[in-house]
Amino acid sequence: MKNILEAPFIKEISDITANMYRLGWDERNGGNISYLLTEKEVSEYLDITKVIREIPLGFQADEIVLNKYFLVTGTGKYFKNVKGDPENNLGIVRISNKGDKAELLWGYKDGGKFTSEFPAHLMSHAARLKVDPLNRIVMHTHPTYTICMGACLPTDEKIFTRKLWKSNTEAVVVFPEGIGVLPCMICGTNEIGEATAEKMKTFRLVSWTNHGIYGVGHNIDEAFGLIETVEKTAQIYMLTLGHVVNEIPDEVIIGLAKLWNLKMMPGVIDEK
Ligand code: 2HA
Ligand code: ZN
């Protein structure tokens, strides 16, 4: 059996959490990541018949994630500490075949458990897997300018999407389907999980007003790249708010979508 601390997925999540902390997005225990692993990947490092503990989920997991393996950041744990101590700050769980429990195979060494946002993560995985079987990552973080921008706009995904597309020519290219928006809600609940997963049927990005953002992808780079592009664009928006003279013309946004053969979220730009 190989040493799990040398597994590429442990290295990737350790590197990205350290990076996100350094970006100032994940204060204290802010942010959480879940990474869908294959049985083959896990079996190279762990005896998958050895369950350390069973942890109740508190909700019924969707059929599509039953018996699936997830690497998940721990509740109350700090992104800045993951790299130095992966076994305390991370865990690998398998969703039980009844979908009511998580079977801990590794990690949460001090007796901890998965993030309080695991309902939103697991429900989002299920929603994305139904539209994109290659999706593996759900990433949640608190990027400063994205939160500022959400506070300055009505909770309307067409308006949020339009402001982003009009501020940075990369935006429409990176997320032509737009960004989903939820109003301010109580986090850590099944309700916000269900609302997020509903948005994930159409969007790879969901803004939680006054809180942060969710991004998904086939791998860490993709999920991070989506969020990073929103945050960079939100920074441009916030720094120019009230001063803009040169807003990106609608024709340029339409031209970019044509050039890259992208299907834009309807109703955001008047395509005439
Ligand atoms: O885990 O980010 O949304 C801390 C949070 C809650
Ligand atoms: Zn959060």
Side-chain angles (χ1 to χ4, degrees), residues 13-14 16-36 55-59 70-93 102 104 107-128 137-151 155 160 179-200 203-217 220 223-224 226-228 230-231 234-235:
I13 201 166
S14 300
I16 200 72
T17 45
N19 184 22
M20 291 166 81
Y21 172 69
R22 288 278 161 226
L23 286 166
W25 300 355
D26 297 281
E27 75 292 342
R28 201 173 180 273
N29 62 321
N32 26 76
I33 299 176
S34 57
Y35 189 152
L36 173 61
I55 311 172
L57 282 179
F59 61 95
F70 293 91
L71 170 63
V72 193
T73 52
T75 183
K77 299 297 194 249
Y78 294 19
F79 269 23
K80 73 181 181 65
N81 296 339
V82 172
K83 198 167 184 162
D85 191 1
E87 200 171 353
N88 247 328
N89 293 288
L90 303 170
I92 294 178
V93 296
L104 181 65
Y108 309 141
K109 204 179 170 191
D110 60 3
K113 61 183 250 184
F114 40 75
T115 167
S116 59
E117 303 295 2
F118 203 39
H121 279 253
L122 211 51
M123 292 176 198
S124 293
H125 275 288
R128 288 310 300 174
I137 307 292
V138 173
M139 183 180 276
H140 166 64
T141 178
H142 303 164
T144 312
Y145 288 96
T146 304
I147 299 169
C148 294
M149 190 168 168
T155 52
F160 204 127
I179 180 169
V181 174
L182 290 184
C184 188
M185 292 174 71
I186 300 169
C187 54
T189 61
N190 292 347
E191 288 70 29
I192 202 168
E194 284 154 13
T196 307
E198 186 59 34
K199 295 291 179 197
M200 288 290 181
F203 301 105
R204 292 171 298 157
L205 287 160
V206 179
S207 162
W208 280 10
T209 304
N210 306 122
H211 182 134
I213 192 167
Y214 271 74
V216 298
I220 295 259
F224 177 78
L226 279 168
I227 294 174
E228 170 180 49
V230 171
E231 173 62 359
Q235 183 173 7

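In each ligand, atom 1 is the first atom listed, and ligand 1 is the first ligand listed. The residues of the chain are indexed from 1 along the displayed sequence.
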Examine distances only and state if a side-chain atom of [X] and a backbone atom of [Y] form a donor-acceptor pair shorter than 3.5 Å.
{"X": "Asn190", "Y": "Gly58", "answer": "yes"}
{"X": "Asn89", "Y": "Lys77", "answer": "no"}
{"X": "Arg204", "Y": "Gly217", "answer": "no"}

Quick one: list whatever passes salt bridge (Lys or Arg N to Asp or Glu O under 4.0 Å) with Asp85, sequence neighbours left out. none
Those residues that, when tested against Tyr35, pass ring pair (Phe, Tyr, Trp, His ring centres under 6.0 Å) (two or more places apart): none
Distance alone, cut at 3.5 Å: any donor-acceptor contact between the side chains of Trp25 and Thr146? no
Establish, from distance only, whether the side-chain atoms of Ser34 and His125 form a donor-acceptor pair under 3.5 Å. yes
Minimal non-hydrogen separation, Asp26 against Tyr21, with atom names: O-CD1, 3.5 Å
Which protein N, O or S atoms does the Zn ion (ligand 2) have within a distance shorter than 2.8 Å?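 N, O, S partners closer than 2.8 Å: His140 NE2, His142 NE2, His211 NE2.
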Pick one: which of Ile16, Ile213, Asn32, Ile13 meets side chain to side chain contact (heavy atoms under 4.5 Å, CB included) with Met139?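 Testing each of Ile16, Ile213, Asn32, Ile13 against Met139, the sole residue satisfying side chain to side chain contact (heavy atoms under 4.5 Å, CB included) is Ile16.
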Contact set, ligand 1, heavy-atom distance under 4.0 Å, ordered by chain/number, equals Asn29, Gly30, Gly31, Asn32, Glu117, His140, His142, His211
